[in-house]
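Here's the structure we're looking at; comments come further down.
Below, chains carry the letters A, B, ... as their sequence lines are ordered, and counting in each starts from 1.
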There are 4 protein chains.
Amino acid sequence: MAYNKNSAKVLAKKESKRRAIMQAVIKTVAEKGFHKTNISEIAKEANVAEGTVYLYFKSKDEMFIKAFEELAKDKLNIMKKMLENEESAFDKLSKFFDYHIIVITETPYIARFIGVEIRQSPQFYKKFPEYQPFKDYIAYLQSLIDDAKAEKSIADVDSEAVSYIIFGTMDYILTEWAVKNQNFPLTEMKNRIEKVLRQGLLKRGN
Amino acid sequence: MAYNKNSAKVLAKKESKRRAIMQAVIKTVAEKGFHKTNISEIAKEANVAEGTVYLYFKSKDEMFIKAFEELAKDKLNIMKKMLENEESAFDKLSKFFDYHIIVITETPYIARFIGVEIRQSPQFYKKFPEYQPFKDYIAYLQSLIDDAKAEKSIADVDSEAVSYIIFGTMDYILTEWAVKNQNFPLTEMKNRIEKVLRQGLLKRGN
Amino acid sequence: MAYNKNSAKVLAKKESKRRAIMQAVIKTVAEKGFHKTNISEIAKEANVAEGTVYLYFKSKDEMFIKAFEELAKDKLNIMKKMLENEESAFDKLSKFFDYHIIVITETPYIARFIGVEIRQSPQFYKKFPEYQPFKDYIAYLQSLIDDAKAEKSIADVDSEAVSYIIFGTMDYILTEWAVKNQNFPLTEMKNRIEKVLRQGLLKRGN
Amino acid sequence: MAYNKNSAKVLAKKESKRRAIMQAVIKTVAEKGFHKTNISEIAKEANVAEGTVYLYFKSKDEMFIKAFEELAKDKLNIMKKMLENEESAFDKLSKFFDYHIIVITETPYIARFIGVEIRQSPQFYKKFPEYQPFKDYIAYLQSLIDDAKAEKSIADVDSEAVSYIIFGTMDYILTEWAVKNQNFPLTEMKNRIEKVLRQGLLKRGN
DNA sequence: CATGAATGAGTCTTCATTCAT
DNA sequence: TATGAATGAAGACTCATTCAT
């Protein structure tokens, strides 16, 4: 055989096409919405033939799942990278708010995808019960909280509860921002929310 | 007139059929998901012919919008009713957490509908930019917070920010609960979250 | 029985409703075209309920047939009336051209109905093989030609052939005029056609 | 390129399928009438799947338009070919009558299609105001008349008017023949009409 | 006679997926 | 591997007709 179909070069080419398709999924879904996105558009965007898509993914559903998992993993890695430079866990936690918003909104269509689209398919949850897109992301957030607690820079709070609060609240305002076509004072609201979370609802002294 | 199309009897019958269809929409959507729900199933569930649906709603989209608006209004009214008996604004706010969960989860499929399905259509936001399903609900929550501030039972917090926190967090855990088929310790988590929110993240004395 | 349901008054009322429906058919069809015309619109135009239509006509098809037959009979009677005053058969024949156009185009939507719509249903010809809408009209035209021949005012021509020529040609240009939204020099073309028909294609002396 | 979508073979196959669909349109429409013809029957007649039809035509309407345009062009070409051998313009014109009938009636369903069906859609005239199916055909007829005039074989008549007379009359008797299921003496009537047209209605000497 | 709400069969069109090349 | 033409099932919506009142 003159050429090895498992050669590094071929594998890389294969992998690049796979990624091209996934990028096309994310871009197209974000623009058109989940159910208006069809294979033919994805194929066109990825510069491959329609049939080719099925050489890399078993079905449309699988393709979407994989695309989002990849996306979430990427985003989490970026987040970790960004927080690496912060010295204390407290600083990391503080920056988490900012970076989360930056990471999600730097490409608005991804915010739409995460905040709105990805939730739309109970089909997914039925077919893929193990599908927990935000799991790692939240786990990481929770670890930051635990670290901050350990270094005594924040109170001895329920870190799981806090991670839900932070993630849920952020997710909600990001969704608002996305569905309102960016007409929502995202950063300002983030700051106001952060302030509330730090201080709690009780009056000091109570 | 022998055949009065506006007679009380006829009007009541029409209204009851209209509501039957809307109930069928909500139930079916919650079970099957938005895009797997087709008119024929709704009609069957509502015990009417397919064509009949179009005597009451102009299109599938309109039907879904109306169904949710009705649902949201109903839920808000129930909530207000339940909180009526509470004496102080502080008590109302405290109970809001519980009642929100009760109201939403008493019919699990409605939780699914609100938490997951309703977000799935950027089409809706495009077609009906004024569509803000949670607006009244959040506005009411915010008024509760303002009242509690006024009676000095809670700190002088940013009530808009707080309402986003509460609603976003509740929404997130309700979604978790719904997509995980109720395998999520909803009430317990709610209590833990409530506790965190009361106290904030800062150490007392800071 | 206090009142006789076959009394002249009742019968007249019945007949008037029947005619109202038929008028509505003709008007609506002419405006919207045959297949875009539905019973509900006809009923609205005729100021009756949808179901009422079926008290007067067995089906939509029958209704259309009857409406056109009525229309054709009316038009033919008008035509005869108008020609009554002409003295010679030759004059009648001459005027026939003008009056045909006047009668047909005085209400443009009727021209459309006759020229375009009525031909559109081979269904009609299958279901009602005896349906020959123009039969009486052409028979009358032919009789005019025969009369003119008898009084020696025109040549001894083939009157059946002539009637087809006249009717076919008129029908064609009326159709042109109708489908082109009246942007067709109808009267001028009629005069030019009439002139040709009088003289024939051969050179004098041939 | 291993899979050349523009290879002669592939293109030929595509073109043949396109023509098969158009033939199916014409045949089915002629048999069933325009509005009783549905895509599924056309697809069956053309031996393709329903969806395939939409790979070749954007919509049902477009399909019908294109089918007729193709048909009219084909017929006109056949007509021109047949008349090519005639020496004088006068002969061509004389033969036009015969050939028109032959061309149209050789496939009876096409006569039905041209004479009856194609007129049935004011929709078409609205959507495609430029749609003038018989334009080229009549223009050609008119040019024959002009040529005959030029060679002095017929009188100096109004050629536009004559072309309307010939076409209108032919169209009318062909329609009669078609809707009466061929029970109409077409050729005989054509001869009688032709004779009248040659001589005109006036008495010689007038 | 009159009504108009209800019916449900019928149709165009879309699109995920397959498969011959 | 890659292609894209072909497939055909599915689904929203329309409308002639019926029938309980």
Side-chain angles (χ1 to χ4, degrees), chain A residues 5 10 13-14 17 35-44 47-63, chain B residues 1-7 9-10 13-14 17 35-44 47-61 63, chain C residues 5 10 13-14 17 35-44 47-63, chain D residues 1-7 9-10 13-14 17 35-44 47-61 63:
Chain A
K5 64 174 163 177
V10 168
K13 201 174 161 195
K14 233 177 113 175
K17 195 163 279 188
H35 282 92
K36 300 231 161 168
T37 293
N38 45 26
I39 297 293
S40 81
E41 274 171 306
I42 291 170
K44 200 183 294 169
N47 263 88
V48 298
E50 283 180 56
T52 305
V53 166
Y54 287 86
L55 298 175
Y56 293 89
F57 302 95
K58 268 209 292 287
S59 69
K60 196 187 177 192
D61 275 5
E62 197 219 55
M63 195 166 71
Chain B
M1 239 192 294
Y3 327 92
N4 187 340
K5 66 171 169 172
N6 293 322
S7 74
K9 206 170 169 184
V10 169
K13 203 173 160 191
K14 270 179 80 168
K17 194 160 282 188
H35 282 93
K36 298 241 159 163
T37 292
N38 46 8
I39 297 294
S40 79
E41 274 171 307
I42 290 171
K44 200 183 293 170
N47 262 90
V48 297
E50 276 184 60
T52 305
V53 167
Y54 288 88
L55 297 177
Y56 293 87
F57 301 95
K58 270 207 291 286
S59 69
K60 198 187 176 192
D61 273 6
M63 194 166 70
Chain C
K5 65 173 166 179
V10 168
K13 202 174 158 193
K14 230 177 111 175
K17 195 163 280 188
H35 281 93
K36 300 231 160 166
T37 293
N38 46 24
I39 297 293
S40 82
E41 273 171 308
I42 290 171
K44 198 183 294 169
N47 264 87
V48 297
E50 282 180 56
T52 304
V53 166
Y54 287 86
L55 299 175
Y56 294 90
F57 301 95
K58 270 207 293 283
S59 70
K60 196 187 177 191
D61 274 5
E62 197 220 54
M63 195 166 70
Chain D
M1 240 193 293
Y3 326 93
N4 186 342
K5 65 172 169 174
N6 293 321
S7 73
K9 207 171 171 184
V10 168
K13 204 172 161 192
K14 272 181 79 167
K17 194 160 282 188
H35 283 91
K36 299 240 159 163
T37 293
N38 45 10
I39 297 293
S40 79
E41 275 171 306
I42 290 170
K44 200 182 295 171
N47 263 90
V48 297
E50 276 184 58
T52 304
V53 167
Y54 288 87
L55 297 177
Y56 293 88
F57 301 95
K58 271 207 288 286
S59 69
K60 197 185 176 194
D61 273 5
M63 195 166 72

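Remark: D:Asn38 CG to D:Glu50 CD distance equals 8.0 Å, nearest 0.5 Å. Remark: C:Met63 CE to C:Tyr54 OH distance equals 7.0 Å, nearest 0.5 Å. Atom NZ of D:Lys17 and atom OG1 of D:Thr52 lie 6.0 Å apart (nearest 0.5 Å).
Rounded to whole Å, atom C1' of F:dA5 lies 15 Å from atom OH of A:Tyr54. If you measure from atom CD1 of C:Ile39 to atom P of F:dC15, you get 11 Å, rounded to the nearest angstrom. Separating the NZ atom of D:Lys60 from the P atom of E:dT11 is a distance of 8 Å, rounded to the nearest angstrom. A:Lys44 has its NZ atom 12 Å from the P atom of E:dC15, to the nearest Å. For C:Lys36 and E:dT11, the NZ to P distance is 17 Å, given to the nearest whole Å. Between the P atom of F:dA16 and the CD1 atom of C:Ile42 lies a distance of 8 Å, rounded to the nearest Å. Atom CE of B:Met63 is separated from atom P of F:dA12 by 8 Å (rounded to the nearest Å). For B:Asp61 and F:dC13, the CG to C1' distance is 13 Å, given to the nearest whole Å.
Along DNA chain F, the nucleotide nearest to B:Ser40 and the one nearest to C:Asn38 differ in position, and the one closer to the 5' end is contacted by B:Ser40.
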Would you tabulate the pairs of protein nitrogen or oxygen atoms and nucleotide nitrogen or oxygen atoms of nucleotides 6-8 of chain E closer than 3.5 angstrom?
from: E:dA6; atom 1: OP1; to: B:Lys17; atom 2: NZ; distance (Å): 2.9
from: E:dA6; atom 1: OP1; to: B:Tyr56; atom 2: OH; distance (Å): 3.4
from: E:dA6; atom 1: OP2; to: B:Tyr56; atom 2: OH; distance (Å): 2.6
from: E:dT7; atom 1: OP2; to: B:Ala49; atom 2: N; distance (Å): 2.9
from: E:dT7; atom 1: OP2; to: B:Thr52; atom 2: OG1; distance (Å): 2.4
from: E:dG8; atom 1: N7; to: B:Gly51; atom 2: N; distance (Å): 3.2

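Across all non-hydrogen atoms, the minimal contact from A:Lys36 to A:Glu41 is O-OE1, 3.4 Å.
Remark: of the listed residues C:Leu55, C:Val53, C:Ile42, C:Val53 is the sole one forming a side chain to side chain contact (heavy atoms under 4.5 Å, CB included) with C:Val48.
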> Taking only Watson-Crick and G-U wobble pairs with both distances under 3.5 Å, what dot-bracket line describes DNA chain E, where [ ] shows pairs that cross earlier ones and | shows pairs with another strand?
Replying inline: .||||||||||||||||||||
